[in-house]
Amino acid sequence: MPVPDLDEWRRRWQRPILERLGISGDAIERGYARMRVDRPEDGDELLLRSSLTIAVDLAAISAVTSQLEEGVQLANGTAELHLSFIDTPGGLPDAVEVSARVANWADYATHLEVEAREPGGELLARGLTTYSLRPAAGAS
């Protein structure tokens, strides 16, 4: 599956629930995606951390689908997600960029490195996720 048009991909994430969580699409390339999370209005630290975790999963899904080979594999779902937050005295910043990059691609699973950073580059969280793949109908 080719990398989607950037504007079209960004429009996919313009849904009321994601807007409420402060999540928007930022960048996509083959095997890579980045989302932006802006602290929701009246959002506390727990809601922001939840938004970051959801955004990491969406970035991983996007990175995977941007690298799928049509007629060979289909996206199956997130198999596991491990995200470790780094202690941030005073809490998380109001804007965070989360990204996912394919690290290893196999027949039935892909592994991605994921992270969250302040727009200035300071690391806030890092992790790994495994995304399940399945063969397309008729693929050998």
Side-chain angles (χ1 to χ4, degrees):
M1 185 175 286
V3 175
D5 172 74
L6 180 59
D7 291 331
E8 179 183 316
W9 177 77
R10 284 178 174 162
R11 278 191 295 277
R12 288 183 198 167
W13 309 116
Q14 293 175 349
R15 299 183 209 159
I17 186 64
L18 296 179
E19 289 174 0
R20 169 68 180 98
L21 294 172
I23 300 170
S24 60
D26 190 33
I28 186 150
E29 303 169 8
R30 180 175 165 77
Y32 173 84
R34 185 176 63 234
M35 308 295 285
R36 181 179 168 96
V37 179
D38 293 300
R39 184 183 297 269
E41 282 187 38
D42 74 353
D44 61 10
E45 199 73 5
L46 181 58
L47 179 60
L48 180 58
R49 286 175 185 261
S50 298
S51 293
L52 292 176
T53 303
I54 292 166
V56 163
D57 194 40
L58 295 176
I61 292 166
S62 295
V64 168
T65 57
S66 73
Q67 190 168 316
L68 285 173
E69 295 179 54
E70 284 191 52
V72 177
Q73 296 164 315
L74 299 171
N76 202 37
T78 304
E80 62 183 346
L81 173 61
H82 300 278
L83 188 61
S84 297
F85 286 87
I86 295 169
D87 184 33
T88 50
L92 293 166
D94 288 339
V96 179
E97 296 173 344
V98 299
S99 63
R101 182 177 303 281
V102 171
N104 182 32
W105 192 272
D107 289 340
Y108 297 105
T110 182
H111 304 281
L112 300 100
E113 297 172 344
V114 295
E115 61 183 28
R117 292 183 176 272
E118 283 190 62
E122 184 177 340
L123 184 66
L124 302 169
R126 180 169 279 163
L128 297 170
T129 185
T130 302
Y131 198 84
S132 173
L133 304 171
R134 60 187 165 94
S140 54

Which residues pass the side-chain contact (heavy atoms from CB on, under 4.5 Å) test with E29, not counting sequence neighbours? Y32
Between S66 and G31, is there a donor-acceptor pair closer than 3.5 Å when you use the side chain of the first and the backbone of the second? yes
Considering residues at least two apart in sequence or located in another chain, which fulfil the salt bridge (Lys or Arg N to Asp or Glu O under 4.0 Å) criterion with E41? none
Looking only at heavy atoms, the pair that brings A75 and T65 closest together is CB-CG2, 4.3 Å
Nearest atoms (heavy-atom pairs only) where T78 meets L81: CG2-CB, 4.5 Å
Can you tell if the side chain of I23 reaches within under 4.5 Å of the side chain of W13, non-hydrogen atoms only? no
Salt bridge (Lys or Arg N to Asp or Glu O under 4.0 Å) contacts touching residues 80-103 (sequence neighbours left out): R39-D94
Tell me whether L128 is reachable from Y131 by hopping between hydrophobic residues (I, L, V, M, F, W, Y) whose side-chain heavy atoms are closer than 4.5 Å. no
Share the residues that join L46 in a hydrophobic cluster, the rule being Ile, Leu, Val, Met, Phe, Trp or Tyr side chains under 4.5 Å apart at the heavy-atom level. none
Applying side-chain contact (heavy atoms from CB on, under 4.5 Å) to L6 and not counting sequence neighbours gives W9, R10, I28
Does a side-chain heavy-atom distance below 4.5 Å link V56 with T129? no
At their closest point, which heavy atom of D38 faces which heavy atom of A95, and how far apart are they? OD1-CB, 3.6 Å
Hey, quick one: are L48 and I86 part of the same hydrophobic cluster, counting side-chain heavy atoms closer than 4.5 Å, chains of contacts allowed? no
Going by the rule salt bridge (Lys or Arg N to Asp or Glu O under 4.0 Å), which residues pair with D26 if we only count those two or more places apart in sequence or in a different chain? R34
Could you check L112 against V102 for side-chain contact (heavy atoms from CB on, under 4.5 Å), going step by step and ending with a plain yes or no? CA-CA 4 Å; L112 300 100; V102 171; 3.8 Å; yes
How close do G22 and P40 get, heavy atom to heavy atom, and via which atoms? N-CG, 4.3 Å
I'd like to know if the side chain of T110 and the backbone of N104 have a donor-acceptor N/O pair within less than 3.5 Å. yes
For Y108, is the OH atom crowded, meaning more than 12 foreign heavy atoms sit under 6.0 Å from it? no
Those residues at least two apart in sequence (or on a different chain) that pass side-chain contact (heavy atoms from CB on, under 4.5 Å) with Q14 are R11, E19
Given the rule in the side-chain contact (heavy atoms from CB on, under 4.5 Å) test, do V37 and L21 qualify, once you have shown the distances and angles that lead to the verdict? CA-CA 8 Å; V37 179; L21 294 172; over 6 Å; no
Heavy-atom side-chain contact between S51 and V96 under 4.5 Å: no
Show your reasoning for whether side-chain contact (heavy atoms from CB on, under 4.5 Å) applies to V64 and W105. CA-CA 9 Å; V64 168; W105 192 272; 4.1 Å; yes
If you compare all heavy atoms of A55 against all heavy atoms of M35, which two are closest, and at what distance to 0.1 Å? O-CG, 3.5 Å
Which residues pass the side chain to side chain donor-acceptor pair (under 3.5 Å) test with S50, not counting sequence neighbours? none
Measure the shortest side-chain to side-chain distance between L124 and L52 over non-hydrogen atoms and say whether it is less than 4.5 angstrom. no
Could you check whether any side-chain heavy atom of S62 comes within less than 4.5 Å of a side-chain heavy atom of R12, counting everything from C-beta outward? no
Who are the side-chain contact (heavy atoms from CB on, under 4.5 Å) partners of R117, not counting sequence neighbours? E115, L123, R126
